[in-house]
Amino acid sequence: MFETYLRRDSLFAEKGALSDEFRPQALLHREREQKMLANVLLPALRGDKPSNLFIYGKTGTGKTIGTRFVCSEMESFAREKRLPLKVVYVNAQLKKVADTEYRLISTLASHFGVTLPATGLPTGKIYKAFSSALDTQKSLVLIVIDEIDNVVRKCGNELLYNLMRINSELKSSRVSIIGITNDLNLLKQVDSRVRSSLSEEELVFAPYDATQLSDILEARSSVAFQPGVIDQSVIPKCAAYAAREHGDARRALNLLRMAGEVAERSGAPRIDATHVDMAVEKLDTETAVEFVKNQPLQSKAVLYTIIALKETHPDFTTGDIYTKYKAVCPLFGQKCLTQRRVSDLINELASTGILSADVVSKGRYGRSKTIDLLVNNQTLVKISATLRAEVVAAY
DNA sequence: AGGTATTCACATGAAACTATTCTCTGAGTTAGG
DNA sequence: TAACTCAGAGAATAGTTTCATGTGAATACCTGT
């Protein structure tokens, strides 16, 4: 079995070229954005503090790669010319690393060689340590905070306000902040003073359209696959799928990779359009199942309840779910939560797109949410199998 | 018939609580000189 | 006397609970015709 596997030629040449981490030498169709970004940051090379910058864009529009690309070009240029410039990048989405005010600052500080404990210190102390570390740099520092909405949602104005203020405490360094987010409404939740100083400049990364996605896929696939294994219909098809989902390049690449894997596993010599179709389904199911697996037990219990209800009732509301949930909970070996919390859990599930929860008012009969599952049958079967396994495990 | 008031069944918000993990500090203990 | 140990106070954080308030429209109730 292993012999035949090895003997068979792989369709892939360099699979990594289709993964998230891969950094192409050039970013296609983002020339305008990169130029604008560079323009804003240019004063840094003269030693002036560039404006703070806010970058918007849906997932997979190249905002992260684009920003990092420009920043690192700039940094290496500065190093060459011996200009005092430093760029630090943090992703505020990383759990346990930078997803709270405290952790974000301590992660930033660690970029300057200051190691701080993961917990236990007052926040003020962290700021002090950070700003003194900054000051010893004696240079211009660009702080790039990716997925900044994560922290802002958690600690509101605090973080941004404190970051704004940090410049006034510094003697020999200056900081500029680049915030990256996919939440267009983020700044509305922020105090107006912070808002105006944080978003001195704004930049929007528009979604890719189908032709642009095709170009990107074309470029990557020439690296990723053996020559001539891709049917000409494949790339346009992947691009079209992804374009429908708000032009997400990451998704397009995933799709292409999955199509390749599907073809390879079925022993096909070439990748064709049918493989793409199979890949779409598989990708959907796989991400959904993976998501469910990673949920906390209580969420699983709620989801299990909803699926069970769905089998018997066409329509149900929060109240129905909670009633049934109370019976389901022991199966998962958990103690029951309050309805308040379950309501929130339902909302959380809804926000991930696995189900819909719409508030409806039924007049005399109150106000509630009607819940519906948003996954296809095949996926549903897999998910409920996963959950049932969980129930068995709890015994 | 038309208008207003009620009422339901939750939604939504805010604050407070719990448990866990971690640091820091100072008191008490110990071993060696 | 210096080094070590250890308990207790304080913080941050995640996940909840408790308490309080909000809400949209189908119905019940009332009014005047």
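By convention in this document, chain letters (A, B, ...) are assigned in the order of the sequence lines, proteins followed by strands, and residues within each chain are numbered from 1. Treat the numbers as computed from the prediction; the structure is a model and nothing was measured.
- Taking atom CD on Glu101(A) and atom C1' on dA14(C), their separation rounds to 16 Å, with Å as the unit.
- Lys128(A) places its NZ atom 17 Å from the C1' atom of dT23(B), with the value rounded to the nearest Å.
- Atom CD of Glu348(A) and atom C1' of dT16(C) are 12 Å apart (whole Å).
- The shortest distance between the side-chain N/O atoms of Thr123(A) and the OP1/OP2 oxygens of dA12(C) is below 4.0 Å.
- The side chain of Ser361(A) lies closest to dG24(C) when the candidates are dT13(C), dC24(B), dG24(C).
- Counting non-hydrogen atoms of neighbouring residues, nucleotides and ligands closer than 6.0 angstrom, the NZ atom of Lys58(A) reaches no more than 12 such neighbours.
- Between the CZ atom of Arg364(A) and the C1' atom of dT4(B) there is a distance of 14 Å, rounded to whole Å.
- Checking dA14(C), dT12(B), dC10(B) against every side-chain atom of Thr318(A), the shortest atom distance belongs to dC10(B).
- When the side-chain nitrogen and oxygen atoms of Lys369(A) are compared with OP1 and OP2 of dT12(B), one or more of them lie within a distance under 4.0 Å.
- Side chains of Ser172(A) and Asp135(A): a donor on one and an acceptor on the other come within 3.5 Å.
- Of the candidate nucleotides dT16(C), dA11(B), dT13(C), dT13(C) has the atom lying nearest to any side-chain atom of Thr100(A).
- As a whole-Å value, the separation of Asp99(A) CG from dT13(C) P is 8 Å.
- Both the sub-6.0 Å distance and the 45° axial angle are not jointly satisfied by Arg30(A) relative to the ring of Phe205(A).
- Side-chain N/O atoms of Tyr102(A) include none lying less than 4.0 angstrom from OP1 or OP2 on dA11(C).
- Distance CZ (Arg103(A)) to P (dC22(B)): 11 Å, rounded to an integer number of Å.
- Gln298(A) places its CD atom 8 Å from the P atom of dT17(C), with the value rounded to the nearest Å.
- The side chain of Ser368(A) sits closest to dA9(B) out of dT23(B), dA9(B), dT17(C).
- Under the 30°/60° scheme for interplanar angles, the aromatic rings of Phe316(A) and His313(A) are found to stand perpendicular.
- Each of Arg367(A) and Asn347(A) was matched to the nucleotide of DNA chain B holding its nearest heavy atom; the match closer to the 5' end belongs to Arg367(A).
- The NZ-C1' distance, from Lys362(A) to dC8(B), rounds to 10 Å in whole Å.
- Between Ile105(A) and the options Asn162(A), Leu163(A), Thr100(A), Thr123(A), a side-chain contact (heavy atoms from CB on, under 4.5 Å) holds for only Leu163(A).
- Side-chain proximity of Thr338(A) to dT23(B), dT18(C), dA11(B): nearest is dT18(C).
- Listed nucleotides: dA12(C), dT18(C), dT13(C). Nearest to the side chain of Arg340(A): dT18(C).
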